[in-house]
Amino acid sequence: METSSVMRIGVLTSSRADYGIYKPLLKALQEDTKFDLKIIAFGTHLSPFHGSTVDTIIADGFGVDYKVRSLLLNDDKNAVSTACALTSLKFADFWEQHTNEFDLVFCLGDRFEMFGAVSAGIPYHIKFAHIHGGETTLGAIDNIYRHAITLSSTLHFVSQEVFASRVAEIKGDNANIYVTGALSLDNLTNTQLLSKDEFEDKWNINLNIPTVLVTVHPETVAPEMNERHLTEILDALRFIAKEYQVVITMPNADTNGNIFRAGFYKLKSELYEKLHLIENFGTQSYFTCMFYSKILLGNTSSGIIEAASFKKYVINIGDRQKGRVAGGNVFHVPFDSQSIINTLKNISTLREYKGGNPYFKKGAAQTIISILKEFDSDKL
């Protein structure tokens with residue numbers, strides 16, 4: 001039922017990753033007088049160690065109405081567990097103070113910080129809208145957090161029908177579940193990519209050189225394997241750097257993530273100008289780098305969800321993304337340097353990827369906006 005009153009919308013954003021996905025929706029909410037948008041930033045957004053990406057939100061023209069600090073820089077199991085608990089504790093106070101300020105609060109994905117913020121809102125009956133529920137990532141503990149967030153939410157915006165079915169199984173009914181496609185893919189039409197010259201002026205990286213774009217996060221289900229995984233990826237990158245320029249976007253704040261950070265910095269000291277380390281590209285520069293790169297390598301969701309729209313082949317390493325639907329552009333390999341190298345050699349002989357992207361549905365942000373307008377906020 002449509003109502004003429006303004007709907008007060010909160011958006012929980014904890015990292016560069018979820019913010020990049022949210023951007024089209026934030027823009028649509030900001031421009032529509034039906035909605036009063038408030039952004040709640042926490043997690044790595046507020047960490048100088050991770051690039052203080054809250055500044056990116058502000059630079060993009062959005063207000064950051066609330067900042068909740070709870071991140072710990074250590075990355076062992078106890079630190080991650082403590083950070084999750086601390087986030088919940090901080091948000092217990094936040095929801096106590098701001099419960100009546102929101103008709104609906106968006107949450108996204110599967111991070112432990114997001115789970116902490118959402119779980120603290122349950123006793124306050126906060127109405128959450130969850131984006132990207134129902135997906136499976138068997139190589140990360142995030143899988144558990146995602147499904148818990150689903151159970152805590154009132155509205156569900158999922159990227160594919162199969163994930164809608166899984167959300168229905170988790171919550172026990174099929175009410176308020178909507179298939180919108182992947183929201184981040186709206187950025188493809190809303191973002192003006194940089195030219196190669198503009199990109200080089202900004203990042204001192206020449207994309208005329210054949211480039212492999214790399215993002216590797218730890219596998220948090222088996223953190224004891226991360227040192228061996230690092231050894232394998234470093235061996236592969238040393239070989240790849242003989243023929244390609246390597247651009248690495250640094251890993252998330254996950255269990256043992258600093259193992260990879262330290263390894264990449266050490267590799268930088270070996271390879272110098274052949275290797276570039278980037279803390280935070282932002283959406284425009286990341287998509288620009290993806291567009292001009294030859295191949296993507298790693299275990300990030302962007303390789304599964306976004307790369308197909310750029311017609312890029314992806315070497316997806318290990319089990320972190322295991323369980324997610326992937327297009328024909330994705331090649332799955334273990335954390336084994338020779339398997340990675342062999343797959344790269346094979347891909348280099350292929351013609352440009354011509355297949356589609358299973359996550360694409362045109363206008364995901366506007367679909368969400370239209371659905372929100374059908375609800376009376378009192379009846380969510």
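- Side-chain atoms of Lys171 do not come within 3.5 Å of backbone N or O of Thr150 as any donor-acceptor pair.
- Side-chain contact between Trp203 and Cys289 is absent, with no heavy atoms from C-beta onward closer than 4.5 Å.
- Connectivity analysis of hydrophobic side chains (ILVMFWY, heavy atoms under 4.5 Å, direct or indirect) links Ile209 to nothing; its cluster partners are none.
- Side-chain atoms of Tyr145 and Met114, non-hydrogen and from C-beta on, never get closer than 4.5 Å to each other.
- Chaining together hydrophobic side chains whose heavy atoms lie under 4.5 Å apart places Leu151 alongside Ile170.
- Val54 and Lys67 get closest at one heavy-atom pair: CG2-CE, 4.2 Å.
- Using a cutoff of 4.0 Å between basic side-chain nitrogens and carboxylate oxygens, Glu270 and Arg238 are scored as salt-bridged.
- Val68 and Phe128 fall within a single hydrophobic cluster, where Ile, Leu, Val, Met, Phe, Trp and Tyr side chains are chained together by heavy-atom contacts under 4.5 Å.
- Note on Phe331 and Met290: separate hydrophobic clusters, where clusters join Ile, Leu, Val, Met, Phe, Trp and Tyr whose side-chain heavy atoms are under 4.5 Å apart, directly or indirectly.
- Ile278 CD1 to Met250 CE: the interatomic distance, rounded to the nearest 0.5 Å, is 10.0 Å.
- In this structure, Tyr178 is a member of the same hydrophobic cluster as Val105, with clusters built from ILVMFWY side-chain heavy atoms closer than 4.5 Å.
- In this structure, Lys311 places its NZ atom where more than 12 heavy-atom neighbours from other residues, nucleotides or ligands lie under 6.0 Å away.
- Between the side chains of Glu101 and Tyr66, at least one donor-acceptor pair of N or O atoms lies under 3.5 Å.
- Looking at Arg111 and Asp18, no side-chain N of the basic residue comes within less than 4.0 Å of a carboxylate O on the acidic one, giving no salt bridge.
- When side chains are defined from C-beta on, Lys23 does not count as touching Asn190, because their heavy atoms never get closer than 4.5 Å.
- Under the 6.0 Å cut-off for aromatic ring centres, Phe115 and Phe112 do not qualify, their centroids lying 6.0 Å or more apart.
- Residues Ser15 and Thr53 fail the side-chain proximity criterion, which asks for heavy atoms closer than 4.5 Å.
- Proximity of Phe157 to Leu25: side-chain heavy atoms (C-beta onward) are nowhere separated by under 4.5 Å.
- In the hydrophobic clustering of this structure, Phe360 does not group with Ile131; members are Ile, Leu, Val, Met, Phe, Trp, Tyr whose side-chain heavy atoms approach within less than 4.5 Å, directly or through other members.
- Under the 4.5 Å side-chain heavy-atom criterion for ILVMFWY residues, a single connected hydrophobic cluster contains both Leu344 and Leu297.
- Under the 6.0 Å cut-off for aromatic ring centres, Phe281 and Phe199 qualify, their centroids lying closer than that.
- Residues Arg261 and Glu279 meet the side-chain proximity criterion, which asks for heavy atoms closer than 4.5 Å.
- A heavy-atom distance below 4.5 Å is found between the side chains of Phe335 and Val216.
- Summarising the geometry, atom NZ belonging to Lys38 is positioned 13.0 Å from atom CG belonging to Leu29; distances are rounded to the nearest 0.5 Å.
- By the side chain to side chain contact (heavy atoms under 4.5 Å, CB included) test, Thr231 pairs with Asp235, sequence neighbours left out.
- Residue Ile248 forms a side-chain contact (heavy atoms from CB on, under 4.5 Å) with just one option from Leu213, Thr215, Leu237, and that option is Leu237.
- A salt bridge between Glu200 and Lys196 is absent, with no side-chain N of the basic residue lying under 4.0 Å from a carboxylate O of the acidic one.
- Checked for salt-bridge contact, Lys373 and Asp32 meet the test: a charged N lies under 4.0 Å from a carboxylate O.
- A ring-centre distance under 6.0 Å is not found for Phe42 and Phe94.
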